[in-house]
Amino acid sequence: MQREAIAGEVTRIEQHLIKMQHIVESALAIQDSARIEQEIALAATDFNIMVYTILNQASNIRFANHIVWRNSKAVDVIDGYDPVTHKQVSSLNRPYIAINLERLAVQAYYPLDIKFQENSSDLHDLIYLEYDIAPLINAVHKDVQRSAIRSSGIHLLGLMIFLVLLHFYLVRPLKALSLQASAVTNRARSEELEDSNKPIASLFSEVAAIQSHLSDFYEKLQLSEKQLNDSQQRWLFAVEVSRNGIWDWNLITDEVFLSDRWKEMLGYHSDQLKDELKTWQAMLHPEDKAEALNTLHKYLNGEVEEFESVHRLKHKSGHYIWVLDRGMIVDWDSKGRPVRMIGTHTDVSDDVRNQQAITHQVNHDLLTDLANRRALLDELYRIKEHKQSGSVALFVIDLDNFKMINDALGHHHGDRLLIQVAARLSSYFSNNALIARLCADEFVILAQGLSDDPSVAKRRTMALASQIRQMIGRSFHINNQTLNISASVGICVLDKLSDIDPEQVLQHADLAMHQAKEQGRDAHVVYSADMERVAQNSLLIKSELKNAIELNQLSLVYQPIVDREGEIICAEALLRWQHPEKGNIPPSLFIPIAEGSELIQDIGHWVISETCQYIKRLQGENVELGSIAINVSARQFNHDDFVETLLDVIRQQGLAAGIIELELTEYALLTNLDIIRQRMEVLKEAGISIAIDDFGTGYSSLSYLQSLPLSRLKLDAAFVSQIGVNDASNSIVIAIITMAHSLNLQVVAEGVETQQQYEFLLLHDCDTFQGYLFNRPLTADDFIRAVKSGKDLSLQSAS
């Protein structure tokens with residue numbers, strides 16, 4: 001109201017100033033000062049006008065409602081005047097009206113047009129007005145007060161009427177409802193309930209609904225009490241029939257109610273045991289006490305959802321009985337903490353089969369029924385404690401490439417293979433050995449009483465390791481399929497049994513097993529202290545090998561393969577790793593590490609890509625060979641998308657597939673021969689030939705030579721090096737060459753280093769040769785020069 005009143009007054013003042021502006025400008029144009037004085041005097045009749053002046057450009061007062069102000073400086077006589085605002089209004093020629101609440105006044109600066117004034121030396125450019133709005137504000141305040149008094153009176157009267165109605169139509173009915181609820185909860189007599197259940201008069205339907213609900217609640221309460229009494233009778237009957245002992249524990253006072261049946265189980269009468277928690281704790285078997293109390297505390301702390309414990313309690317006669325103890329919290333305090341717990345005891349001593357099953361599961365593997373890790377460690381601790389005589393050997397056996405078999409055939413067939421391996425080991429070893437399964441494809445044999453003589457014990461250990469590998473190396477027949485696998489065996493021999501640390505012994509044997517895998521698998525290794533250093537070195541090599549490709553540390557060299565006339569007809573691509581700090585790292589060191597991880601996939605793909613690019617270079621320099629052989633690891637070849645990836649790389653390089661030959665070790669064939677055969681058929685149809693590298697060094701069956709589409713056998717250098725040593729060595733070489741030719745397979749002799757070896761192989765119809773006698777592995781450039789400097793070759797087209 002105050003803002004509206006002031007706004008109206010400002011509008012009136014603004015209209016007056018517009019009129020006054022016109023009058024003053026006209027009077028100044030004709031120099032009629034009397035007209036100006038007359039208008040100011042007329043306006044000053046309004047007692048609320050405090051200041052009404054006309055100023056020149058120098059802020060001098062030329063006309064004013066107070067005669068004494070004339071020809072004075074405005075800033076000297078008028079408190080609210082601002083010369084800065086004066087200049088801004090004059091320069092912009094725009095009125096400025098402000099409300100000054102501190103002075104309770106309206107201040108107006110209204111510009112005058114000086115163009116028509118005759119006296120140029122004394123130009124009047126502003127009307128300055130101050131209007132007192134204090135009377136206006138006071139009037140508004142009085143109006144508001146009168147209105148507030150009238151409104152308060154009306155509201156107070158309405159509130160009184162509302163409270164009276166509220167009392168009669170809501171408070172009184174709610175009070176009656178409260179009395180009815182009190183009668184129900186206090187179990188009032190039926191007559192009192194009938195009186196309280198009389199209908200309550202109320203305008204609100206909710207009150208009648210609440211009264212109806214109270215009546216229904218009382219009926220249900222009576223029914224619930226009856227059902228509760230019936231349930232208690234049934235519960236008491238069930239407890240008596242089941243012959244379970246009942247206990248009721250007050251967690252605040254530690255008092256425990258023990259039923260007569262509970263005491264009877266332990267041979268006591270009803271008055272022979274104190275009703276307190278210490279009674280139960282004192283009867284617990286020393287070996288079971290910690291675990292039983294820990295289980296109880298976990299339940300009370302909310303770590304487990306239920307309390308259930310099987311433990312032994314001492315009978316009055318001195319022996320212990322097994323009880324199944326179950327309980328639950330039935331009451332809590334206001335802070336949610338348990339205050340009461342009830343439970344039962346069941347005598348399970350006669351359940352012998354159940355007890356044996358529990359013990360068996362704790363110490364045995366569910367799939368193979370062999371001992372598990374816990375049983376193995378328990379046995380090692382027992383040996384340490386009793387210090388029995390004779391050496392002990394621990395064999396950790398890991399099935400090579402089991403994951404590929406599992407993925408190819410499915411987990412069901414993989415489990416059947418594990419069961420057959422367990423059966424073979426169990427049937428061979430006597431009662432003087434413990435056989436255990438630690439995890440998926442890892443078995444352990446703990447052989448005891450080998451010998452008091454360490455040298456004899458070691459020989460016996462090596463013999464057992466060979467027998468284990470041969471036993472696992474025999475074919476397995478599962479679901480009409482023949483599977484051939486091998487095993488890597490780690491061995492830890494213990495002479496001083498008193499110094500044994502079971503966990504450490506198991507770690508040592510496991511480390512030896514991993515060394516066997518890194519040496520090419522299908523081997524056994526005895527733990528030595530140097531293996532810790534080797535293992536750390538292998539870990540370092542593995543970590544740096546991950547970045548070897550990106551850092552351009554890997555390269556390929558090419559070893560020529562010559563025919564019977566000594567002409568280079570093909571080559572084998574060999575991988576090399578030149579480390580910036582360690583120098584040349586031998587393939588025999590880093591290849592097994594790569595094959596033991598997924599790194600071999602990336603490295604193998606890089607070798608194939610680099611070889612294809614080199615073949616393109618050879619073609620660009622008019623050097624064309626029959627083929628270049630690439631070594632492929634078992635893990636890489638058995639990968640699901642190996643064939644498709646290989647063919648895609650060859651197609652992308654624009655090469656004929658026949659320019660590539662794959663070299664596989666016998667180890668790569670130790671999985672499902674049906675799948676191997678299918679992949680080889682696809683490769684053969686594409687034109688890729690396949691050779692078996694290091695032939696004769698594996699344990700696989702020779703039957704695969706008849707069924708797989710192979711092109712060559714590479715006679716291992718181990719046999720070639722023994723040529724001329726004795727008749728048996730020569731016979732083996734002749735037998736392999738003869739067998740290969742009978743199967744229409746060519747033979748490549750590896751590691752030919754002497755003229756005597758070369759002549760012997762020529763005499764017995766060996767087809768091609770590879771070794772230092774002809775050439776060491778050559779760099780890419782040196783290989784091209786070697787081929788170009790040779791005889792005129794009969795080349796095959798690879799385009």
Under 3.5 Å, is there a donor-acceptor pair between the side chain of [X] and the main chain of [Y]?
X	Y	value
Asp288	Arg312	yes
Arg374	Leu376	no
Asn294	Ala290	no
Thr279	Lys274	yes
Arg424	Ser427	no
Gln272	His269	yes

Legend entry - Working for side-chain contact (heavy atoms from CB on, under 4.5 Å), residues Thr295 and Val304: CA-CA 8 Å; Thr295 303; Val304 294; 5.6 Å; no
Legend entry - Stepwise side-chain contact (heavy atoms from CB on, under 4.5 Å) check, Val323 with Trp262: CA-CA 11 Å; Val323 297; Trp262 194 97; over 6 Å; no
Legend entry - Straight-line distance of Ile485 CD1 to Leu399 CG, nearest 0.5 Å: 4.5 Å
Legend entry - CZ-CG distance between Arg340 and Asn250, expressed to the nearest 0.5 angstrom: 8.5 Å
Distance-minimising heavy-atom pair for [X] and [Y]:
X	Y	answer
Gly473	Asn484	O-OD1, 4.4 Å
Ile491	Ala512	N-CB, 3.7 Å
Ala375	Asn372	N-OD1, 3.0 Å
Val489	Arg469	CG2-CG, 3.8 Å
Trp322	Asp347	O-OD1, 3.3 Å
Tyr320	Met283	CE2-O, 3.8 Å

Flag the pair [X] / [Y] as yes when at least one side-chain heavy-atom distance between them is below 4.5 Å, and no otherwise.
X	Y	result
Leu370	Leu434	no
Arg382	Glu379	yes
Arg261	Ile246	no
Phe395	Leu425	no
Leu251	Arg337	no
Phe642	Gln601	no
Leu464	Ile445	no
Leu300	Met341	yes

With a sphere of 6.0 Å drawn around [atom1] of [X], does it hold more than 12 non-hydrogen atoms of other residues, nucleotides or ligands?
X	atom1	value
Lys314	NZ	no
Glu305	CD	no
Glu644	CD	yes
His319	NE2	yes
Lys316	NZ	yes

Legend entry - Sole candidate of Lys289, His285, Glu291 that passes side chain to side chain contact (heavy atoms under 4.5 Å, CB included) when paired with Glu287: His285
Legend entry - Presence of salt bridge, Arg679 and Asp640, under 4.0 angstrom: yes
Legend entry - side-chain contact (heavy atoms from CB on, under 4.5 Å) assessment of Glu308 paired with Leu324: CA-CA 7 Å; Glu308 180 175 305; Leu324 173 61; 3.8 Å; yes
Inset, instruction - Consider only side-chain N and O atoms of Asp325 and Ser309, and report whether a donor and an acceptor are under 3.5 Å apart. - result: no
Inset, instruction - Fit a plane to each ring of Tyr527 and His508, take the angle between them on a 0 to 90° scale, and name the class: parallel (under 30°), tilted (30 to 60°) or perpendicular (over 60°). - result: parallel
Legend entry - ring-ring contact (aromatic ring centres under 6.0 Å, His included) involving His639 - partner list, sequence neighbours excluded: none
Legend entry - Candidate pair Ile468 and Phe443, rule side-chain contact (heavy atoms from CB on, under 4.5 Å), full reasoning: CA-CA 11 Å; Ile468 291 170; Phe443 296 85; over 6 Å; no
Please table the atom pairs, donor to acceptor, closer than 3.5 Å between any side-chain atom in residues 412-423 and protein atoms at least two apart or in another chain.
unit_1: His413; atom_1: ND1; unit_2: Leu409; atom_2: O; d: 3.2
unit_1: His413; atom_1: NE2; unit_2: Asn479; atom_2: ND2; d: 3.0
unit_1: Gln420; atom_1: NE2; unit_2: His477; atom_2: O; d: 3.3

